[in-house]
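First up is the structure itself, then whatever we jot down about it.
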Protein chains: 2
Amino acid sequence: MKNNIRVERAILNISQAELAERVQVTRQTINAIELGKYSPSAVLAMKIARVFGKKVEEVFELEDTD
Amino acid sequence: MKNNIRVERAILNISQAELAERVQVTRQTINAIELGKYSPSAVLAMKIARVFGKKVEEVFELEDTD
DNA sequence: ATATTGTGTAAAATATACTTTACATTATGT
DNA sequence: ACATAATGTAAAGTATATTTTACACAATAT
């Protein structure tokens, strides 16, 4: 699963810590997801997309390996 | 997290077992998610929405408790 | 009436997401 | 140069998703 969290954060100009706070997870969780270390739950993916004013599919992309 | 999997399945006229097969999980997993026993991973949510030709947000809805 | 298909459920096991604490490194501001 | 903010990482623990096996019941078809 790929994602553009970094880009979307840059557009909003918010840190990983601030995004984490807005979606109620730890900064490490945002960091891990952003770096593709693991993929989030649907709930978290929807919350993140919502912060960015985007659809889930605009922030996250399925890969062939998913 | 709420969902309209049952309705979308009815529109496509496919069983839980067939949906499960199409998204590569077990029938029990589809059943549990459909009944709201737990919410899926983002990967699974995206796969399910894709089968229905819908966006994730059109199939799943965040609740206040999420 | 009987076979078959679809659905609900449950317990135990495994995999994965997420937290907590803590430290190291990189970038940015003054 | 120094302070501070932002990011990367790691290990251990907890929570949750998913699988496997198995059974019960309801609906549908023959």
Side-chain angles (χ1 to χ4, degrees):
Chain A
M1 168 107 173
K2 288 171 56 182
N3 71 83
N4 353 78
I5 294 177
R6 178 144 313 198
V7 172
E8 296 296 337
R9 275 201 308 108
I11 293 172
L12 271 190
N13 193 33
I14 61 175
S15 64
Q16 291 179 347
E18 188 172 345
L19 176 56
E21 194 182 4
R22 291 216 210 171
V23 298
Q24 308 265 63
V25 294
T26 64
R27 178 182 72 77
Q28 287 81 344
T29 295
I30 295 298
N31 183 258
I33 291 166
E34 184 168 317
L35 297 180
K37 302 217 166 185
Y38 51 73
S39 44
S41 67
V43 166
L44 182 49
M46 291 179 77
K47 285 182 178 177
I48 291 172
R50 191 173 57 181
V51 166
F52 295 147
K54 296 274 168 76
K55 298 286 185 187
V56 168
E57 283 86 350
E58 294 175 306
V59 179
F60 299 94
E61 186 183 356
L62 282 177
E63 294 178 291
D64 307 338
T65 53
D66 289 324
Chain B
M1 177 104 169
K2 287 171 56 180
N3 73 83
N4 350 78
I5 295 177
R6 178 145 313 198
V7 173
E8 296 297 337
R9 275 201 308 107
I11 292 172
L12 271 191
N13 193 33
I14 60 175
S15 64
Q16 292 179 346
E18 187 172 345
L19 176 56
E21 194 183 4
R22 290 215 210 171
V23 298
Q24 308 265 65
V25 292
T26 64
R27 177 182 72 78
Q28 287 81 343
T29 294
I30 295 298
N31 182 259
I33 291 167
E34 183 168 318
L35 297 181
K37 303 218 167 185
Y38 52 73
S39 44
S41 65
V43 166
L44 182 49
M46 290 179 77
K47 285 182 179 176
I48 290 171
R50 191 172 56 182
V51 165
F52 296 147
K54 296 273 170 75
K55 298 285 185 188
V56 169
E57 284 86 351
E58 295 175 307
V59 179
F60 299 94
E61 187 183 356
L62 282 177
E63 293 178 292
D64 307 337
T65 54
D66 289 324

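Just so it is clear: chains get the letters A, B, ... in the order the sequence lines come, proteins before strands, and each one is counted from 1.
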[N] phosphate, OP1 or OP2: any side-chain N/O from [X] under 4.0 angstrom?
X: A:S41; N: D:dT16; answer: no
X: A:T26; N: C:dC18; answer: no
X: A:N31; N: D:dG8; answer: yes
X: A:R6; N: D:dG8; answer: yes
X: B:S15; N: C:dT5; answer: no

Do [X] and [Y] come close enough that some side-chain heavy atom pair is under 4.5 Å?
X: B:L44; Y: B:T29; value: yes
X: B:P40; Y: B:F60; value: yes
X: A:L12; Y: A:V51; value: yes

Taking [atom1] from [X] and [atom2] from [N], how many angstroms apart are they, rounded to a whole number?
X: B:E21; N: D:dT18; atom1: CD; atom2: C1'; result: 17 Å
X: A:R27; N: C:dT21; atom1: CZ; atom2: P; result: 14 Å
X: B:Q24; N: D:dT20; atom1: CD; atom2: P; result: 12 Å
X: B:I30; N: C:dG8; atom1: CD1; atom2: C1'; result: 15 Å
X: A:Y38; N: C:dA17; atom1: OH; atom2: C1'; result: 6 Å
X: B:E18; N: C:dT7; atom1: CD; atom2: C1'; result: 15 Å
X: A:L35; N: C:dC18; atom1: CG; atom2: P; result: 15 Å
X: B:Q16; N: D:dT18; atom1: CD; atom2: C1'; result: 15 Å

Which part of the nucleic acid, if any, lies within contact of B:T29, taking any heavy atom under 4.0 Å across all strands shown: a base, the sugar-phosphate backbone alone, or nothing? base
Need the bend value for the helix from C:dA1-D:dT30 to C:dT30-D:dA1: angle between end axes, 5 pairs each end, nearest 10°. 50°
[atom2] on [Y] to [atom1] on [X], rounded to 0.5 Å:
X: A:N31; Y: A:Q16; atom1: CG; atom2: CD; result: 4.5 Å
X: B:F52; Y: B:L19; atom1: CZ; atom2: CG; result: 4.5 Å
X: A:R9; Y: A:N4; atom1: CZ; atom2: CG; result: 12.0 Å

Report yes if a donor N or O on one partner sits less than 3.5 Å from an acceptor N or O on the other, where the partners are the side chain of [X] and the base of [N]; otherwise report no.
X: B:E34; N: C:dT7; result: no
X: A:Q28; N: D:dT7; result: no
X: B:R9; N: C:dG6; result: no

Under the salt bridge (Lys or Arg N to Asp or Glu O under 4.0 Å) rule, what pairs show up with a residue in residues 40-58 of chain A, not counting sequence neighbours? A:E8-A:K54
Both B:I14 and A:K37 contact DNA chain C. Taking the nearest nucleotide for each, which residue is further toward the 5' end? B:I14
Could you check which of C:dT7, D:dG8, C:dC18 has an atom nearest any side-chain atom of A:P40? C:dC18
Candidates D:dG8, D:dT18, C:dC18 - which lies nearest the side chain of B:I33: D:dT18
Reference residue B:M1; test side-chain contact (heavy atoms from CB on, under 4.5 Å); the match among B:T65, B:D66, B:I33: B:D66
